Number of protein chains: 2
Amino acid sequence: MDNYVQILKKNGLKVTPQRLEILKYLDTHRTHPTADTIYSDLKKTTPSLSKTTVYNTLQHLGEHGLVYTLTISGSELRFDSVINPHHHFLCKTCGSIIDIDIECPNARKVESAGGHRIDEVHGYFKGVCASCLKE
Amino acid sequence: MDNYVQILKKNGLKVTPQRLEILKYLDTHRTHPTADTIYSDLKKTTPSLSKTTVYNTLQHLGEHGLVYTLTISGSELRFDSVINPHHHFLCKTCGSIIDIDIECPNARKVESAGGHRIDEVHGYFKGVCASCLKE
DNA sequence: TATCATGTTGTAATGATTACAAGTTAGGGA
DNA sequence: TCCCTAACTTGTAATCATTACAACATGATA
């Protein structure tokens, strides 16, 4: 848990029990959860937790680059622990989101050509996953 | 307009004035509009138009690969006329969505390696656009 | 041109997210 | 160590995009 304290402090974020729990949750659940899933799961052990706090915290963590906000589903945000850059695959049959361990080879090229500053790169693939294809 | 009629027929979609208008709108407005923007604009010339029709039509067109549904913003869907495959850049300062004229070089590789069937490829870049960077 | 499956419309419901106000707490300075 | 204040948390209420639904209208086939 000390690790999470350091991460928050390093980013100038006040250390609170709620933030530590959410940060730990994301680190130990690499399942691209929704805000509501995080809320429901943590509510079990921290009944006083408020959904607003989950949303606020996720936004703060996102602004500091500590979590990655995925818009792949289109109906709800998904949150991802920031580790190595990777892409995502969404199965339109079963809804699962699968990590694709590649990085965009074009990001820097796009930046220098267009003159934009790129902060985030999202690679989304959508279709039917291998498991669903078998059925 | 005959062109749009053919497109609908070729895809087994019933030809209606509403669908023709929406298809034409998307073809002539390459601005990644929201459903609401399409609705408001078309409402001016077609007062009887219903927002539900816009949503229904966009969904049908999407299922037939005639429009591309972008989830880049995270708060609302954006719709794109399907032309050549390209990526998108979202400026977090001014909110504009800019076409990035590159294609994903990895899609086929991901498909064969993971065993998934890929129907859509979305490349999203987020940051600050060249125009906003100047200010 | 009669039929009916399919499309359209308007309204009401849903569900994720945000706004807000009141109470609570983390953490730096006395 | 204690106090103070800005920042955080909480709960409820509002917002806004999207979907559900039921009644009506229409395109296209025979």
Side-chain angles (χ1 to χ4, degrees), chain A residues 1-2 4-23 25 32-43 45-64 66-67 69-79 95 97, chain B residues 1-2 4-23 25 32-43 45-64 66-67 69-79 95 97:
Chain A
M1 211 57 154
D2 266 7
Y4 304 125
V5 173
Q6 293 314 313
I7 291 173
L8 290 175
K9 283 190 174 169
K10 211 170 291 176
N11 284 273
L13 291 166
K14 200 173 271 191
V15 178
T16 70
Q18 293 87 346
R19 289 179 176 179
L20 289 173
E21 290 224 41
I22 292 168
L23 202 49
Y25 184 94
H32 320 98
T34 64
D36 193 67
T37 300
I38 298 168
Y39 168 74
S40 301
D41 284 356
L42 292 180
K43 187 89 176 168
T45 53
T46 311
S48 74
L49 184 65
S50 164
K51 196 176 280 189
T52 301
T53 299
V54 175
Y55 276 104
N56 285 341
T57 299
L58 288 170
Q59 187 179 319
H60 285 132
L61 295 178
E63 285 166 356
H64 288 267
L66 300 176
V67 306
T69 304
L70 307 181
T71 62
I72 191 169
S73 110
S75 62
E76 64 202 0
L77 297 177
R78 299 295 190 125
F79 298 90
I97 295 173
Chain B
M1 211 56 152
D2 265 6
Y4 303 125
V5 173
Q6 293 314 315
I7 291 174
L8 290 176
K9 283 191 173 170
K10 211 170 291 177
N11 283 273
L13 290 166
K14 199 174 270 189
V15 178
T16 70
Q18 293 87 345
R19 288 179 177 178
L20 289 173
E21 290 222 42
I22 292 168
L23 202 51
Y25 184 93
H32 319 100
T34 65
D36 194 68
T37 300
I38 298 169
Y39 168 73
S40 302
D41 284 357
L42 292 180
K43 188 89 176 169
T45 52
T46 310
S48 75
L49 185 66
S50 164
K51 197 177 278 189
T52 301
T53 298
V54 175
Y55 275 105
N56 286 342
T57 299
L58 288 170
Q59 187 178 319
H60 286 132
L61 296 178
E63 285 166 357
H64 288 268
L66 301 176
V67 306
T69 304
L70 308 180
T71 63
I72 191 169
S73 110
S75 63
E76 65 203 359
L77 298 177
R78 299 296 190 125
F79 298 90
I97 295 174

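Per chain, numbering begins at 1; letters A, B, ... match sequence-line order. The analysis underlying the following values was restricted to heavy atoms, covering all of them including side chains, and did not include hydrogens, waters or symmetry mates. What you see is a predicted model, and the numbers here were worked out from it, not measured in a lab.
Applying the 4.0 Å criterion to OP1 and OP2 of C/dT17, one finds that A/Q59 has every side-chain N and O outside that range. B/S48 has a side-chain polar atom (N or O) that falls below the 4.0 Å cut-off from OP1 or OP2 of C/dT9. Contact check, A/Q18 against C/dT25: no side-chain N or O comes under 4.0 Å of OP1 or OP2. Side-chain N/O atoms of B/S75 include none lying less than 4.0 angstrom from OP1 or OP2 on D/dC16. Residue B/T53 has a polar side-chain atom (N or O) positioned under 4.0 Å from OP1 or OP2 of C/dT9. Here B/T57 does not reach the OP1 or OP2 of C/dG7: none of its side-chain N or O atoms lies under 4.0 Å away. Note on A/R19: every side-chain N or O is 4.0 Å or more away from OP1 and OP2 of C/dA26.
Here CG of A/L70 is found 6.0 Å from NE2 of A/H32. Values are rounded to the nearest 0.5 Å. A distance of 13.0 Å separates CD1 of B/I7 from NE2 of B/H64, quoted to the nearest 0.5 Å.
Within 6.0 Å of NZ in A/K9 there are 12 or fewer heavy atoms belonging to other residues, nucleotides or ligands.
Each of A/N56 and A/E76 lies near DNA chain C, and the nucleotide nearest A/E76 is the one positioned closer to the 5' end. If you find the closest nucleotide of DNA chain D to A/G12 and to B/L13, the one lying nearer the 5' end belongs to A/G12. Positionally, the nearest nucleotide of DNA chain D for A/K14 lies more toward the 5' end than for the other of A/K14 and B/Y55.
When heavy atoms are screened at a 4.0 angstrom cut-off, B/T16 is found touching the sugar-phosphate backbone but no base atom.
Minimum interatomic distance between A/Y39 and A/L49 (heavy atoms only, all atoms of both residues): CE1-O, 3.5 Å. Residue A/I72 comes nearest to A/I97 through the heavy atom pair CG2-CD1, 3.7 Å, listed as atom of the first residue, atom of the second, then distance.
As a whole-Å value, the separation of A/L42 CG from D/dT10 C1' is 15 Å. Rounded to whole Å, the distance from NE2 on B/H60 to C1' on D/dG27 is 15 Å. Regarding B/R78, its CZ atom lies at a distance of 15 Å from the P atom of D/dC16, rounded to whole Å. Atom CZ of A/F79 is separated from atom C1' of C/dT17 by 10 Å (rounded to the nearest Å). Note: CG (A/L20) to P (C/dA26) measures 10 Å, nearest angstrom. Rounded to an integer number of Å, the gap from B/L49 CG to D/dA25 P is 17 Å. Between A/L77 atom CG and D/dA17 atom P there is a gap of 15 Å when expressed in whole angstrom units. In this structure, NZ of B/K51 is placed 12 Å from P of C/dG10, rounded to the nearest angstrom.
Between the side chains of A/Q18 and A/T57, not a single donor N or O lies within less than 3.5 Å of an accepting N or O.
Of the residues in residues 33-41 of chain A, none lies under 4.0 Å from DNA chain D by heavy-atom distance.
Distances were taken from every side-chain heavy atom of B/V15 (C-beta onward) to each of D/dT18, C/dT17, D/dA28; the shortest belongs to D/dA28.
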Can B/T71 and B/L77 be said to form a side chain to side chain contact (heavy atoms under 4.5 Å, CB included), step by step?
CA-CA 5 Å; B/T71 63; B/L77 298 177; 3.9 Å; yes

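Using a distance-only test at 3.5 Å, with no hydrogens or angles considered, no donor-acceptor pair links the side chain of B/T46 to the main chain of B/K43.
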